[in-house]
Number of protein chains: 4
Amino acid sequence: MVVANHIAGQIERGERAVGSRLPSELDLSNMWGVARMTTRRAIRELSERGLVPAVHGKGTFVTQPDAWARAGSRLAGAIPECHSGIGGPGTPLSVAEDA
Amino acid sequence: MVVANHIAGQIERGERAVGSRLPSELDLSNMWGVARMTTRRAIRELSERGLVPAVHGKGTFVTQPDAWARAGSRLAGAIPECHSGIGGPGTPLSVAEDA
Amino acid sequence: MVVANHIAGQIERGERAVGSRLPSELDLSNMWGVARMTTRRAIRELSERGLVPAVHGKGTFVTQPDAWARAGSRLAGAIPECHSGIGGPGTPLSVAEDA
Amino acid sequence: MVVANHIAGQIERGERAVGSRLPSELDLSNMWGVARMTTRRAIRELSERGLVPAVHGKGTFVTQPDAWARAGSRLAGAIPECHSGIGGPGTPLSVAEDA
DNA sequence: GTGGTCTAGACCACA
DNA sequence: GTGGTCTAGACCACG
């Protein structure tokens with residue numbers, strides 16, 4: 001799978017910040033000029049490798065395979081979960097913080 | 001959904017007293033770690049099955065499916081409606097005990 | 001109503017930017033230490049004066065009474081986003097209306 | 001809701017052909033200027049009344065309440081289900097003409 | 001302060 | 001590329 005390898009490479013080379021959100025499936029499809037299903041297949045592959053845990057209704061986030069292997073459950077803290085905000089590099093998540 | 005089945009099971013197993021009020025949607029959302037809309041979906045499903053009639057501005061109450069089948073329309077009087085005074089202190093509206 | 005006057009004053013003195021969103025009703029209630037209903041009443045009063053049109057599901061925004069009186073339809077442009085045709089061009093913000 | 005009644009009226013007045021597919025939820029959302037979830041609510045309501053059975057991955061189709069009442073279960077075969085091939089071009093599945 | 005409805009946008013499952 | 005479900009958070013109506 002070309003696209004899967006493409007994005008996997010980006011992550012492994014550090015071109016995509018850990019904790020950052022991937023563009024939406026639709027955006028990626030348009031960016032790559034491929035069908036949505038192809039994008040989904042690629043994302044799914046990466047998900048299964050633990051590179052980009054998808055959080056339903058929120059987005060798909062990049063984590064570090066390395067960290068994943070090391071920490072296991074601690075990963076939960078690295079991924080922006082239901083309530084917490086991770087405060088990683090360039091995190092567009094905590095929107096509600098300002099008054 | 002899982003949460004709907006979860007609470008439905010609690011009711012059917014009698015873990016939730018008939019006539020008691022469920023925690024508010026917000027509380028349940030926090031308890032389950034899901035968005036409020038997800039909670040609403042679950043509650044709605046149960047509402048449609050007649051297990052937990054929701055009363056606007058008051059709360060959501062558990063009734064007994066058994067009693068429901070037995071009593072039919074008479075149940076309507078057992079559910080805290082506009083006219084009734086169950087909003088007051090300690091009125092468990094036991095449906096079954098009048099049979 | 002003290003709170004209504006308070007925020008109305010803020011707007012009229014320009015302390016709240018035109019087009020900006022007000023804090024949520026809950027936040028305002030906490031800020032002022034009053035019940036939610038009080039806040040709602042205050043907001044409602046301002047809404048009726050055209051100071052802070054509330055957009056369902058989005059928030060409450062401040063506009064300029066002056067501009068409101070002048071332009072009417074141009075008000076839509078004063079509210080951030082107004083993406084939809086809900087209040088469309090030439091429609092004085094009646095969100096709840098539909099054919 | 002208003003939109004639900006709107007489209008329900010269209011169907012009941014015969015402005016939407018029986019067997020025809022409704023625009024997608026996204027299209028309807030854009031047409032009405034509302035969020036997709038609002039559209040879903042409306043569609044859902046109609047679905048529960050049997051007016052517009054939704055078929056996952058295919059679309060939402062209009063049937064006739066009248067025919068529904070007459071035909072009962074036979075209607076099931078008229079609605080594009082898993083087995084049928086109405087996904088192809090031009091299969092108007094006219095429910096009423098077999099009566 | 002509860003339930004009810006809505007915005008805006010994401011991922012998921014089916015075809 | 002559709003319908004299905006979910007997140008996150010706002011305003012609305014009832015009491």
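D/Glu45 places its CD atom 14 Å from the C1' atom of E/dC6, with the value rounded to the nearest Å. Following rounding to the nearest Å, B/Met37 (CE) and E/dC6 (C1') show an atom-to-atom distance of 10 Å. Atom pair D/Asn30:CG and F/dT2:P shows a separation of 11 Å (rounding to whole Å applied). A straight line from CG of B/Leu22 to C1' of E/dG4 spans 16 Å, rounded to a whole angstrom. For the pair B/Leu28 CG and E/dG3 C1', the computed distance is 12 Å after rounding to whole Å. To the nearest angstrom, P of E/dA15 lies 15 Å from CZ of D/Arg21. Note: CD (B/Glu48) to P (E/dG3) measures 16 Å, nearest angstrom. One can place CG of D/Asp27 at 11 Å from P of F/dG1, the figure rounded to the nearest angstrom.
Contact annotation: A/Thr60 side-chain N/O to E/dA10 OP1/OP2 distance is not under 4.0 Å. For the OP1/OP2 pair of F/dG1 and a distance below 4.0 Å, the side-chain nitrogens and oxygens of D/Ser24 include no atom meeting the criterion. For F/dG3, neither phosphate oxygen OP1 nor OP2 lies less than 4.0 angstrom from any side-chain nitrogen or oxygen of D/Lys58. For the OP1/OP2 pair of E/dT5 and a distance below 4.0 Å, the side-chain nitrogens and oxygens of D/Arg41 include at least one atom meeting the criterion.
The main-chain N or O of A/Val52 is found under 3.5 Å from a side-chain atom of A/Ser47 such that the two form a donor-acceptor pair. In this structure a side-chain-to-backbone donor-acceptor pair under 3.5 Å is present from C/Ser29 to C/Glu25. With hydrogens and angles ignored, the 3.5 Å screen pairs no side-chain donor or acceptor of C/Ser20 with any backbone N or O of C/Arg16.
Between the side chain of D/Arg36 and the base of F/dG4, a donor-acceptor pair under 3.5 Å is found.
Look at D/Glu45 and D/Arg41 and you find no salt bridge, because none of the NZ, NE, NH1 or NH2 atoms lies under 4.0 Å from a carboxylate O.
For the pair A/Gly57 and C/Ile43, both in contact range of DNA chain F, the more 5′-proximal nearest nucleotide belongs to A/Gly57. Nearest-nucleotide assignment on DNA chain F puts the 5′-proximal partner with D/Leu26, out of D/Leu26 and C/Arg40.
Put simply, the side chain of A/Ile43 reaches to within 4.5 Å of the side chain of A/Leu22, judged on heavy atoms. In this structure the side chain of B/Trp32 never reaches within 4.5 angstrom of the side chain of B/Asp27, judged on heavy atoms.
The two atoms that bring A/Leu46 and A/Ala8 nearest to each other are CD2-CB, 3.7 Å, heavy atoms only.
In the set E/dC12, F/dG3, F/dC11, the nucleotide with an atom closest to the side chain of C/Glu25 is F/dC11. In the set F/dC11, F/dG3, F/dA8, F/dG3 carries the atom at the smallest distance from any side-chain atom of D/Ala54. The side chain of A/His56 sits closest to F/dC6 out of E/dC14, E/dG3, F/dC6.
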With pairs defined as Watson-Crick or G-U wobble and both distances under 3.5 angstrom, please note down DNA chain F as a dot-bracket string, | for pairing with another strand.
||||||||||||||.

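Taking a 6.0 Å sphere around CZ of C/Arg44, one finds it holds 12 or fewer heavy atoms contributed by other residues, nucleotides or ligands.
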